[in-house]
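Notes to accompany the following structure.
Bear in mind the structure is a predicted one, so any value in this text is a computation, not a measurement.
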Amino acid sequence: MSRYGTDAYTRLVPAGTLAVGEYNGDLSLVANFGTNTIKGGIDDIFLFDSYGVTPDGQALEFSDGRSDYKLEFGATRIGADGQFTGNNVRLTHPDLDIRTSGSWAGRFSTENDSDSNPRAVVGTHTGYAATSGGGEAIFVGAHYGATEQFQ
C-alpha cells in the first residue's frame, strides 16, 4: 500500500494518490547457528495487480513490473526454540530518499535436511518507508524458504 508524494521519481502520479497491490520477490536468508543469528532480505520485488485512486477520485491501474524496492532484514538472534524476532527491517529504493522502519519474525522447521540443518523457515515481515516528498509505502507479507527441494 502506498500514498504518492511529490518526489521526482513519482511525478507521473498525482501527489496524494493512494495505491494498493501485491508483490513477490526473491528471499535470501543466512543463518549462523554458531552465533545463533539470522539475517537476509527480499530482492527483485515485483509489483502486480496494483490499482490506485487519485485525490480527485480518478481510478488508476498500474503496470506490473519490477519496482527497485528491497527489504533488508537486519541480523537478529535465534531462540533455543528456533524462533526469531527483529525490529530492524529497512525498505530501500535507489531513486528515493527514504526514512524507514519495520519488523520481521519467523521460526525454523523441527525437521532437518540432509546436512542436519533445519529443513525450512517460515515467517512474516513488514517494511515501512516515508519519503522527503511526503510519500509513504508499506510492504506486509509472509516469507518461506527451504534448504533443499522436497515434496
Enter the distance from Asp26:CG to Lys70:NZ here, rounded to the nearest 0.5 Å.
10.5 Å
Kindly write out the residues that satisfy side-chain contact (heavy atoms from CB on, under 4.5 Å) with Leu18, not counting sequence neighbours, or none if the list is empty.
Arg3
Do Thr147 and Asp115 pass the side chain to side chain contact (heavy atoms under 4.5 Å, CB included) test, and can you show the C-alpha distance, the side-chain angles, and the key distance before you say yes or no?
CA-CA 9 Å; Thr147 59; Asp115 292 327; over 6 Å; no
Donor-acceptor contact below 3.5 Å, side chain Thr6 vs main chain Gly133
yes
Spacing of Thr54 atom OG1 and Tyr4 atom OH [to the nearest 0.5 Å]:
12.5 Å
Distance (rounded to the nearest 0.5 Å) between Ser28 OG and Phe73 CZ:
10.0 Å
Given Tyr23, which of Phe139, Phe48, Tyr69 fulfils the ring pair (Phe, Tyr, Trp, His ring centres under 6.0 Å) condition?
Phe139
Calculate, to the nearest 0.5 Å, the distance between atoms CZ and CG belonging to Arg107 and Asp81 respectively.
5.0 Å
How far apart are the closest heavy atoms of Ser103 and Asn87, and which atoms are they?
CB-OD1, 3.4 Å
Under 4.5 Å between side-chain heavy atoms, hopping through other hydrophobics if needed: is there a path connecting Ile42 to Tyr128?
no
Apply side chain to side chain contact (heavy atoms under 4.5 Å, CB included) to residues Ser50 and Asp64 and explain how you reach the verdict.
CA-CA 7 Å; Ser50 300; Asp64 296 349; 5.6 Å; no
The reported gap from CG in Leu47 to CG in Asp49 (rounded to nearest 0.5 angstrom) is 10.5 Å
Between Leu91 and Ala129, which heavy-atom pair has the shortest distance, and what is it?
CD2-CB, 3.6 Å
What residues form a side-chain contact (heavy atoms from CB on, under 4.5 Å) with Arg90, not counting sequence neighbours?
Glu72, Thr92, Thr100
Working note: Val89 + Leu71, criterion side chain to side chain contact (heavy atoms under 4.5 Å, CB included); need CA distance, chi angles, decisive distance, verdict.
CA-CA 7 Å; Val89 171; Leu71 286 162; 3.9 Å; yes
If only atom types and distance count, is the side chain of His93 paired as donor or acceptor with the main-chain N or O of Ser67 below 3.5 Å?
yes
Shortest non-hydrogen contact from Phe108 to Ala31?
CZ-CB, 3.9 Å
Which value, rounded to the nearest 0.5 Å, describes the distance between Phe46 atom CZ and Glu22 atom CD?
11.5 Å
I'd like to know if the side chain of Gln58 pairs up with that of Asp56 as donor and acceptor (distance under 3.5 Å, no hydrogens or angles considered).
no
Could you see if Leu60 belongs to whatever hydrophobic cluster contains Tyr51? Use Ile, Leu, Val, Met, Phe, Trp, Tyr and a side-chain cutoff under 4.5 Å.
no
Under a 4.5 Å cut-off applied to non-hydrogen side-chain atoms, are Phe33 and Ile78 in contact?
yes
Is any side-chain heavy atom of Thr17 closer than 4.5 Å to a side-chain heavy atom of Pro55?
yes
